[in-house]
Amino acid sequence: MPLARIVPRSEHTISRSHISPNALRVLYRLKEAGFQGFLVGGCVRDLLIGLTPKDFDVATNALPEEVRRLFRNCRLIGRRFRLAHVFFGNEIIEVATFRAASEPPGEEPLADLDPEEGEGPEISEPDEFDADLADTQGEDAHVLDEHGRILRDNAYGTIDDDVWRRDFTANALYYSIADFSIWDYVGGLEDVLARRLRIIGDPETRLREDPVRMLRAARFAAKLDFTIDPPVEAAIREFSGLLASAPPARLFDETLKLFLAGNGVSSFASLRRLGLLEGLLPTVAAYFRRHPGSLVEQLLLRGLENTDARVRDGKSVTPTFLFALLLYGPIAQAIEALPPNLWHEAGAILDACDDAARELSARVALPRRFSLGVREMFALQPRLEQPRGRRALRLLEHPRFRAAYDLLLLRAEFELASPEIAVWWTRLQNASPDERGRMADELAGGGARAGGAPRGPRRRRRRGGAKPAA
Ligand code: ATP
Ligand code: MG
């Protein structure tokens, strides 16, 4: 006899026509085999407010091995806690076995563990909450560290247990395939309809268990336009410092979810409002604190706007470009701390990028391929700003040209680089090979200035556009 309020199909708006056919296939197969099958989490929440879910997660009482036997196209993942991925072309339905919480909320509910080691996913990887639990049913199933953070959490349970380990009431609704009802243990339905983000249990305890929940709150508030419940907001402000104890690989994943999922601008605003930028990206926050209303901040916001627009248009977005935007302030600051005659020197720029990446890594683990990309983007800036004859044409073939050019365009928009030279590169890309040669020669020959591109003495534009120190 479940403890949930069961809302029958006639009293809610979720229709099977909005559910992924593959998720339905998984649910029906589980049901035919005598198991429980529920959609759970973000997909139920999103369907209730009329959004298209990013993915469909399934929860069941079948054990991972039992799930595997039911599906040919299935792989078990997660080193510590087994989780089934059922593949349909490029759609993956994640099937998680119910997990046990040690106690109802307020006592000692459960959260996730550190993520898998190694490089972070590029977004839309299995969520850590599901992927990271231990795979044994040990006696010391639930272990907290000295801050109250959950270190081990590894027992299977029933749906009555599973619900208490979820983070927010809006994320804790279950849609049953048996009769299409919604099971609500925590008042989540009411909260979703009121667009309210309420934590399950005591805010302080739940944020201590897993400080990443603070970022999740910021992200959901931004993406869903939900209001964060005042006690949760107060707890976030009070305990934001705990982010420092979160595993850097998870903070990287979460940063991508915040900024590369189409709501970067509102996520940024939400982080700042909640005082979380300081905890997630301390060097970035420090730059903005020292240079209020700076051009760099405007550049970041415009870059995030462009990224959001790309996501909306179904275009690709990259962590490299995102981190170039985020680290622009710290990198510019390190460069400008040097004498102006070094500002365009490759060595100085690379050192500044390395310093910024190293400082970042104290909090956010940026995989090396992305920090190398950021370096290349910045190192290409002076080469784009001072194209040298036909050699400049070779830059068009550089693997990082496009990203570096996009950064140049943004810089030019805020007069952090010459707008004329940005126009020159735009024209160059659209030109025929012959015209390209002519444009390069004009630039080198010192005749008519190509498209108004500046030549002659190097311009010493301040990268950050901050006022020179007195
Ligand atoms: P979206 O996929 O739209 O970002 P989501 O709510 O589905 O949002 P996921 O990260 O996919 O978020 O997680 C799926 C579900 O797992 C959540 O809805 C929540 O119930 C649970 N969950 C995920 N992470 C945590 C966590 N850190 N603590 C507690 N529960 C979590
Ligand atoms: Mg999800």
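- In this structure Arg312 satisfies the salt bridge (charged side-chain N to carboxylate O under 4.0 Å, His left out) test with no other residue, sequence neighbours excluded.
- Listed here is the closest heavy atom pair of Asp308 and Gly262: OD1-C, 3.3 Å.
- A donor atom on one side chain and an acceptor atom on the other are not found under 3.5 Å apart for Thr320 and Thr318.
- Counting heavy atoms from C-beta on, the side chains of Val26 and Phe88 come closer than 4.5 Å.
- A donor-acceptor pair is defined here as one N or O able to donate and one able to accept, closer than 3.5 Å; no such pair exists between the side chain of Trp425 and the backbone of Tyr405.
- Looking at Arg165 and Glu209, no side-chain N of the basic residue comes within less than 4.0 Å of a carboxylate O on the acidic one, giving no salt bridge.
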List, one per line, each side-chain donor-acceptor pair under 3.5 Å for residues 360-367, sequence neighbours excluded.
unit_1	atom_1	unit_2	atom_2	d
Ser361	OG	Arg358	O	2.7
Arg363	NH1	Gly279	O	2.6

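- The side chain to side chain contact (heavy atoms under 4.5 Å, CB included) with Thr60 is formed by just one residue from the set Val95, Val40, Leu27, Leu70; it is Val95.
- With sequence neighbours left out, Thr13 forms a side chain to side chain donor-acceptor pair (under 3.5 Å) with no residue at all.
- Closest non-hydrogen pair, Ala356 versus Ile331, comes out as CB-CG1, 3.6 Å.
- Not one N or O on the side chain of Arg45 forms a donor-acceptor pair closer than 3.5 Å with the backbone of Val192.
- Every side-chain contact (heavy atoms from CB on, under 4.5 Å) that Ala334 has, sequence neighbours left out, goes to Ala352.
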Test Arg375 against Asp354 for salt bridge (Lys or Arg N to Asp or Glu O under 4.0 Å), laying out the working first.
CA-CA 8 Å; Arg375 262 173 137 241; Asp354 292 345; 2.7 Å; yes
Evaluation steps, side-chain contact (heavy atoms from CB on, under 4.5 Å), between Tyr156 and Phe98:
CA-CA 6 Å; Tyr156 295 122; Phe98 297 134; over 6 Å; no
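- A distance of 8.5 Å separates CD of Glu204 from CG of Leu242, quoted to the nearest 0.5 Å.
- Each salt bridge (charged side-chain N to carboxylate O under 4.0 Å, His left out) pair with one or both residues in residues 65-77, not counting sequence neighbours, appears once here: Glu65-Arg68.
- For Ala379, the side-chain contact (heavy atoms from CB on, under 4.5 Å) partners at least two apart in sequence or on another chain are Leu350.
- Applying the ring-ring contact (aromatic ring centres under 6.0 Å, His included) test to Phe321 and every residue at least two apart in sequence or in another chain returns nothing.
- Sorted by first then second residue, the ring-ring contact (aromatic ring centres under 6.0 Å, His included) pairs that include residues 211-251, not counting sequence neighbours, number zero.
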For Leu276 and Leu243, run side-chain contact (heavy atoms from CB on, under 4.5 Å): C-alpha distance rounded to whole Å, both residues' side-chain angles, the deciding distance at 0.1 Å, then the answer.
CA-CA 8 Å; Leu276 289 172; Leu243 271 184; 4.0 Å; yes
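- At least one donor-acceptor pair under 3.5 Å links the side chain of Asn61 to the backbone N or O of Gln36.
- We find that Asp191 and Arg198 are joined by a salt bridge, their nearest charged nitrogen and carboxylate oxygen being less than 4.0 Å apart.
- Under the side chain to side chain contact (heavy atoms under 4.5 Å, CB included) test applied with Ile14, the options Ile182, Leu173, Leu39, Val7 reduce to a single match, Ile182.
- Every side chain to side chain donor-acceptor pair (under 3.5 Å) that Ser181 has, sequence neighbours left out, goes to Asp179, Trp183.
- Put simply, the side chain of Leu280 reaches to within 4.5 Å of the side chain of Leu271, judged on heavy atoms.
- Under a 3.5 Å cut-off, the side chain of Arg196 and the backbone N or O of Asp229 do not form any donor-acceptor pair.
- Judged as a side-chain contact (heavy atoms from CB on, under 4.5 Å), and not counting sequence neighbours, the contacts of Ile92 are His85, Phe87.
- Here the options are Thr52, Leu51, Leu47, the test is side chain to side chain contact (heavy atoms under 4.5 Å, CB included), and the partner is His18; only Leu47 passes.
- Note that the NE2 atom of His12 and the CG atom of Leu48 stand 8.0 Å from one another [nearest 0.5 Å].
- Asp210 places a side-chain N or O within 3.5 Å of a backbone atom of Val212 that can act as its donor or acceptor partner.
- Phe268 and Phe288 have perpendicular rings, their planes meeting at more than 60° on a 0 to 90° scale where under 30° would count as parallel.
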Leu325 and Leu410: side-chain contact (heavy atoms from CB on, under 4.5 Å), yes or no, with the steps?
CA-CA 10 Å; Leu325 292 175; Leu410 267 181; 3.5 Å; yes
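- Rounded to the nearest 0.5 angstrom, Lys257 NZ and Arg219 CZ are separated by 5.0 Å.
- Inspection of the Arg166 and Tyr174 side chains reveals an N or O donor paired with an N or O acceptor under 3.5 Å.
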Take Arg25 and Glu91 through the salt bridge (Lys or Arg N to Asp or Glu O under 4.0 Å) test and state the conclusion after the steps.
CA-CA 12 Å; Arg25 270 185 205 112; Glu91 187 177 17; over 6 Å; no
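- For the atom pair Leu258 CG and Leu215 CG, the distance stands at 6.0 Å (nearest 0.5 Å).
- With values rounded to the nearest 0.5 angstrom, Leu416 atom CG is found 10.5 Å from Leu408 atom CG.
- The OH atom of Tyr328 sits 4.0 Å away from atom CZ of Arg411, with the distance rounded to the nearest 0.5 Å.
- The shortest side-chain heavy-atom distance between Leu207 and Ile199 falls under the 4.5 Å cut-off.
- Under a 3.5 Å cut-off, the side chain of Asp46 and the backbone N or O of Cys43 do not form any donor-acceptor pair.
- For Pro8, the side-chain contact (heavy atoms from CB on, under 4.5 Å) partners are Ser10, Glu11, not counting sequence neighbours.
- Under the salt bridge (charged side-chain N to carboxylate O under 4.0 Å, His left out) criterion, Arg402 pairs with Asp406, sequence neighbours left out.
- Test Leu299, Val265, Asn263 against Leu304 for side chain to side chain contact (heavy atoms under 4.5 Å, CB included) and you get one pass: Val265.
- Ion pairing between Glu190 and Arg5 fails under the 4.0 Å rule for side-chain N and carboxylate O.
- Annotation: side chain of Arg16 is in contact with side chain of Leu24 (closest heavy-atom distance under 4.5 Å).
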Under the side-chain contact (heavy atoms from CB on, under 4.5 Å) criterion, do Thr255 and Leu326 qualify, and how do the steps go?
CA-CA 11 Å; Thr255 303; Leu326 291 172; 4.3 Å; yes
Hey, mind stepping through Glu254 and Arg250 against salt bridge (Lys or Arg N to Asp or Glu O under 4.0 Å) and telling me if it holds?
CA-CA 6 Å; Glu254 202 53 41; Arg250 282 193 67 204; 5.8 Å; no
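- No donor-acceptor pair under 3.5 Å is formed between the side chain of Arg400 and the backbone N or O of Leu380.
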